[in-house]
Amino acid sequence: MASAQEFFRSGRKLAKQGQSQEAIAEYTRAIELNPNYAKAYFYRGNTLALEGQPQKGIEDFQKAATIFTSRGESERAQAVYQHEEIIRRGIQEGEF
């Protein structure tokens with residue numbers, strides 16, 4: 001059986017190949033196996049936002065930031081919050 005990391009790596013590869021829906025599915029599998037996989041939430045959120053689901057993306061960013069914060073990784077959490085703010089501004093400006 002594949003590990004959460006393997007699904008995550010597969011998602012990254014698929015995203016780079018432009019296969020966004022498949023990448024989202026792989027990130028979701030990684031999260032199902034490891035609900036605290038912050039990077040999987042972040043990358044799924046980014047892909048969702050780029051695929052026209054910015055609100056779902058924001059929800060994933062918030063989950064990733066919460067996980068990073070709980071681990072004491074405040075710099076990573078802050079970077080996620082900044083990314084979330086960019087998406088929010090994009091929504092307000094009609095980019096999504």
Side-chain angles (χ1 to χ4, degrees):
M1 175 162 216
S3 70
Q5 273 191 322
E6 289 168 321
F7 282 119
F8 175 76
R9 283 193 297 266
S10 175
R12 293 288 295 134
K13 182 178 179 182
L14 288 163
K16 289 177 184 177
Q17 295 171 348
Q19 298 177 25
S20 299
Q21 294 305 314
E22 294 85 351
I24 290 166
E26 294 294 278
Y27 296 140
T28 299
R29 289 185 186 106
I31 291 164
E32 289 169 351
L33 290 173
N34 179 359
N36 291 312
Y37 204 146
K39 285 173 65 175
Y41 280 106
F42 174 79
Y43 281 99
R44 184 177 74 175
N46 193 54
T47 306
L48 284 165
L50 292 172
E51 286 299 304
Q53 299 179 63
Q55 194 56 49
K56 285 186 178 183
I58 287 170
E59 291 169 15
D60 274 357
F61 294 146
Q62 291 171 341
K63 182 69 175 173
T66 298
I67 294 167
F68 283 134
T69 299
S70 73
R71 294 181 185 162
E73 298 178 54
S74 59
E75 287 181 17
R76 283 188 172 185
Q78 189 58 39
V80 173
Y81 285 130
Q82 289 173 351
H83 201 75
E84 177 186 340
E85 183 57 31
I86 290 167
I87 300 301
R88 286 187 188 281
R89 273 188 266 143
I91 293 169
Q92 291 172 349
E93 295 171 5
E95 294 175 16
F96 290 99

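In this structure Gln92 satisfies the side chain to side chain contact (heavy atoms under 4.5 Å, CB included) test together with Arg89, sequence neighbours excluded. Residues passing the ring-ring contact (aromatic ring centres under 6.0 Å, His included) test with Tyr37, sequence neighbours excluded: Phe8. In this view, Arg76 and Glu73 satisfy the salt bridge (charged side-chain N to carboxylate O under 4.0 Å, His left out) rule, not counting sequence neighbours. The ring-ring contact (aromatic ring centres under 6.0 Å, His included) test applied to Tyr41 returns no partner, not counting sequence neighbours. Listed by chain and residue number, nothing satisfies the ring-ring contact (aromatic ring centres under 6.0 Å, His included) test with Phe68 (two or more places apart in sequence, or in another chain).
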(Q) Between Arg29 and Glu26, does the salt bridge (charged side-chain N to carboxylate O under 4.0 Å, His left out) criterion hold? Intermediate values first, please. (A) CA-CA 5 Å; Arg29 289 185 186 106; Glu26 294 294 278; 2.3 Å; yes

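Across all non-hydrogen atoms, the minimal contact from Phe61 to His83 is CZ-CD2, 3.3 Å. The two residues Val80 and Ala64 make their nearest non-hydrogen contact at CG1-CB, 4.3 Å. When all heavy atoms of Ala40 and Tyr27 are compared, the pair lying nearest together is O-CB, 4.0 Å. Taking each heavy atom of Ser3 and Glu6 in turn, the nearest pair found is N-OE1, 2.6 Å. Nearest heavy-atom pair, Arg44 versus Asp60, reported as atom, atom and distance to 0.1 Å: NE-OD2, 2.5 Å. Scanning all heavy atoms of the two residues, the minimum distance from Ala23 to Ala15 falls at CB-N, 3.7 Å.
Within 6.0 Å of CD in Glu93 there are more than 12 heavy atoms belonging to other residues, nucleotides or ligands.
Here the straight-line distance linking atom CD1 of Ile91 with atom CD1 of Ile86 works out to 12.5 Å at 0.5 Å rounding. One distance of note links NZ of Lys56 with CD of Glu51; it measures 12.5 Å at 0.5 Å rounding.
Using a 4.5 Å cut-off on side-chain heavy atoms (C-beta onward), Phe96 and Gln53 make no contact. Gln55 has its side chain within reach of Ile58: a pair of non-hydrogen atoms, C-beta onward, lies under 4.5 Å apart.
Pairs of residues two or more places apart, or lying in two chains, that qualify as side chain to side chain donor-acceptor pair (under 3.5 Å) and include a residue from residues 62-71 are Gln62-Glu84.
A chain of hydrophobic side-chain contacts below 4.5 Å, direct or via other Ile, Leu, Val, Met, Phe, Trp or Tyr residues, connects Ile31 to Ile67. When the side chains of ILVMFWY residues are joined at heavy-atom separations under 4.5 Å, either directly or via intervening members, Phe42 and Ile87 end up in a single hydrophobic cluster.
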